[in-house]
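Single-structure report; data block below.
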Amino acid sequence: MRARGVIAALSMGFATLIAAPAGLATAAAPDAPAAANAVPRAKVPVSTLLAQLSREPEDPSGYDRDLFPHWDYVGDGCDVRDVVLIKEARSGPRIGDDCDIERGRWYSKFDGVNVHDPSRLDIDHMVALAEAWASGARDWTEETRRDFANDLGYSQSLIAVTASSNRSKGDQDPAEWLPPRQQYRCSYVAHWIAVKYRWSLSVDEQESAALRVLVEGCAPLRIVPPNRADIASD
């Protein structure tokens with residue numbers, strides 16, 4: 001069976017994977033210490049991260065999905081999509097030759113659906129590629145956009161959800177769309193802000209106002225701030 005190296009890396013800690021593929025962000029996952037004796041980073045209010053995001057109007061002109069090369073190869077026949085599916089499986093999955101992901105069990109946080117067939121899943125970019133482009137990624141190099149699109153360095157950047165819920169979201173921000181599963185909405189807002197903070201992306205006025213209201217409506221919302229990504233501009 002192929003993909004044993006990837007699975008072994010997952011069992012030792014998901015951050016182990018991200019040093020291998022060229023072009024991927026290399027910061028360790030912020031929700032796990034980088035070493036056994038490392039002091040865990042303190043949680044901060046999500047409102048603190050939100051306050052650090054710059055407020056700028058969006059500029060979507062010139063966007064093309066191909067400007068964000070994604071699903072990079074990571075070894076053992078697996079690409080980034082495969083790695084996220086392996087990491088997020090609640091049970092299984094069976095993995096065939098060339099990292100062919102077969103049946104397992106996944107839980108789609110957006111809509112609360114249990115999925116056994118991986119073909120029913122999309123890998124969602126928490127902050128959609130088009131949204132990232134309009135919020136600052138248009139000024140990045142292609143290598144930085146690749147890093148963003150394949151971000152295994154923060155566990156909430158890429159998540160497996162039902163294809164129907166991901167396509168319902170599209171490239172909308174939280175002022176325009178929230179997950180239908182209400183129990184996940186506060187976490188979703190926190191992770192959205194965290195990804196924008198990690199990649200120094202801006203928020204527009206409508207988005208910023210909606211995020212403030214949403215954060216205030218949640219129980220005290222605290223999160224370990226993700227490591228800031230290295231950003232190279234064109």
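With Ser202 contributing its side chain and Ser135 its backbone, the two residues share a donor-acceptor pair below 3.5 Å. A distance-only check finds no donor-acceptor pair linking the side chain of Tyr184 to the backbone of Tyr188 [under 3.5 Å]. Counting only distance, with no hydrogens or angles, the side chain of Arg228 and the backbone of Ser200 share no donor-acceptor pair below 3.5 Å. A donor-acceptor distance shorter than 3.5 angstrom exists from the side chain of Glu176 to the backbone of Asp173, with no hydrogens or angles considered. Judged by distance alone, the side chain of Trp192 and the main-chain N or O of Pro174 form no donor-acceptor pair under 3.5 Å.
In the hydrophobic clustering of this structure, Val46 groups with Val44; members are Ile, Leu, Val, Met, Phe, Trp, Tyr whose side-chain heavy atoms approach within less than 4.5 Å, directly or through other members.
A salt bridge links Glu131 to Lys196: at least one charged side-chain nitrogen sits closer than 4.0 Å to a carboxylate oxygen. Checked for salt-bridge contact, Arg103 and Asp117 miss the test: no charged N lies under 4.0 Å from a carboxylate O. For the pair Asp124 and Lys169, the salt-bridge criterion is met [side-chain N within less than 4.0 Å of a carboxylate O].
Taking the side chain as every heavy atom from C-beta outward, Asp100 and Glu102 approach each other to under 4.5 Å. Under the 4.5 Å side-chain criterion, counting only non-hydrogen atoms from C-beta, Ser157 is not in contact with Val127.
Of the candidates Arg145, Arg146, Arg198, Arg198 is the only one forming a salt bridge (Lys or Arg N to Asp or Glu O under 4.0 Å) with Asp151. Val83 pairs in a side chain to side chain contact (heavy atoms under 4.5 Å, CB included) with only one of the listed residues (Leu152, Leu158, Asp76), which is Leu152. For the side chain to side chain contact (heavy atoms under 4.5 Å, CB included) test with Pro225, the passing option among Leu49, Thr48, Ile193 is Leu49; the others fail.
If you check the side chains of Ser168 and Ser165, you find no donor sitting under 3.5 Å from an acceptor. Asp111 and Thr162 form a side-chain donor-acceptor contact under 3.5 Å, judged by distance and modelled atom types alone. Side-chain polar atoms of Asn114 and Arg90 form no donor-acceptor pair below 3.5 angstrom.
Atom-to-atom distance recorded for Trp133:CH2 and Leu201:CG is 12.5 Å, nearest 0.5 angstrom. With rounding to the nearest 0.5 Å, the separation of CG in Leu221 from NZ in Lys43 is 9.5 Å. Atom CG of residue Asp139 and atom OG of residue Ser233 lie 6.0 Å apart, to the nearest 0.5 angstrom. Between the CD1 atom in Ile159 and the NZ atom in Lys109 there is a gap of 6.0 Å [rounded to 0.5 Å].
Ring planes of His125 and His70: perpendicular class, angle over 60° (limits at 30 and 60°).
For Phe110 and Trp177, the gap between ring centers is short of 6.0 Å. In this structure, Trp199 has its ring center no closer than 6.0 Å to that of Tyr154.
Legend: residues meeting salt bridge (charged side-chain N to carboxylate O under 4.0 Å, His left out) with Arg185, ordered by chain and number and at least two apart, are absent. With sequence neighbours left out, the ring-ring contact (aromatic ring centres under 6.0 Å, His included) criterion links Phe68 to no other residue.
Other residues, nucleotides and ligands place more than 12 heavy atoms under 6.0 Å from the CZ atom of Arg138.
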